[in-house]
**Q** 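One structure, as structure tokens, below. Some questions next.
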Amino acid sequence: MNLSAPIRVSMADFKVAKAPSQLITTGLGSCVGVALYDPVAKVAGLAHIMLPDSRQGLPSSKPGKFADTAIPALIAEMEKAGAVKSRLTAKIVGGAQMFNFLENNSVGSIGDRNVEAVVRILNELAIPILAQDTKGRRGRTITFDPNSGVLSVRTVDSGVKEL
Amino acid sequence: MNRLQGPQFSKMEMEALREAGNIGVGRAATVLSQVLATRVEMTVPQAQIREVWDALELAGGKEQLVAALCLRFCGQLKGSLLLMFDEEAAASLLERMLNKPISPLLELDELECSALEELGNMMLANFLTALSEFSGLYIRPMIPLLAIDMAGAILEEILVQTGQNYDHALLITTDIVESVGGAQGHILILPEARQLEVLLKALGVGRGA
């Protein structure tokens, strides 16, 4: 394990880490970063979700692409690393809309729909959402620390804030 | 097209897509050159089919602040064009267009924003005209949109928007370099995945063409 090299989570993927490793995902746009944490085992998981629902699109080779497949897969991976599902808490970030696409006025942007799907799924799984920094017009980079459970969010115009 | 493994295209087909990109970029570079009255050079476009999550790497420094113009198109061919300038390039272009000192990228005023939108729109609309002439397809540009943010987040939004149903995207990428200020821009073309065969057929190299 190397402190200076955080584990990168790419789009449509998820990763699990324990201290002292950190998890990072850069340039979240309309995607949503879901950070799950077991504070007792200090196991952290981070998913970079592209779309809300696997049943609406065509099949994908990546469970991490959709909210409804990514979150259960991330939990299973965290359990393998020693996390207990009933102890998990969540923080969610992303779901922005940087371009003002007109057709989104009626159906909501992909970002909005991603956030709504993630919240609904976490509620169904009874995982409390401790903090969220979602929607808006800005892309975000997030770093997740398994030791403290702190999620740092960086944007181009507001610096870094901690959730 | 195999959705999970991705579309397989022959060397000749990829070459035709690259050439289509080449003609479009040439026209966009000419517009830039006319607006600035300087010489503009461009690299030979690269055509590649990538998994969408992998394609994000093409944004280079994913956290780099850029000004991006997105021009989506519909009609017989659907997709998106994305033109990106980093802060230095955007300032250099605006300075010469407006002949005044330029605000930092995050603080552009209305005039600076509309100048950038106008320049991007002219470049990308001309790109589409060239692509339409070359392929014989009717292509209609939609409203151009400007965003100033992290390169990775911007490309991500377009990739997600363009390729919701597929795991793969065709990307035609090129760099344009303007000789006086050295301003560099990047153009990416993302036809929707199922549109690739439409384009190839129109170019006369697709299966069943």
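Bear in mind that the values here come from a model prediction, so they are computed numbers and not experimental data. Letters go in sequence order (proteins before strands), and every chain restarts at 1.
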**Q** In this structure, are over 12 heavy atoms from other groups packed under 6.0 Å from Lys100(B) atom NZ?
**A**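 Yes, NZ of Lys100(B) has more than 12 neighbouring heavy atoms, counting only those of other groups under 6.0 Å.
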**Q** Under 3.5 Å, is there a donor-acceptor pair between the side chain of Asp86(B) and the main chain of Leu65(B)?
**A** no
**Q** So for Leu106(B), is it side chain, backbone, both, or neither that comes closer than 4.5 Å to the heavy atoms of chain A?
**A** side chain
**Q** Highest number of heavy-atom pairs under 4.5 Å with chain B: which of Gly29(A), Gly111(A), Gly94(A), Gly64(A)?
**A**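 Answer, by heavy-atom pair count under 4.5 Å with chain B: Gly29(A).
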**Q** With distance as the sole test, does Glu162(A) use its side chain to make a donor-acceptor pair with the main-chain N or O of Val153(A) at under 3.5 Å?
**A**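 Not a single qualifying donor-acceptor pair exists.
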**Q** Using heavy-atom distances under 4.5 Å, tell me whether Arg140(A) contacts chain B through its side chain, its backbone, both, or neither.
**A**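 Contact with chain B is through the backbone of Arg140(A) alone.
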**Q** For atom CD of Glu110(B), decide whether the heavy atoms of other residues, nucleotides or ligands shown that lie under 6.0 angstrom number more than 12.
**A** no
**Q** Counting only heavy atoms closer than 4.5 Å, note whether Leu105(B) contacts chain A via side chain, backbone, both or neither.
**A**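 Neither part, no heavy atoms under 4.5 Å.
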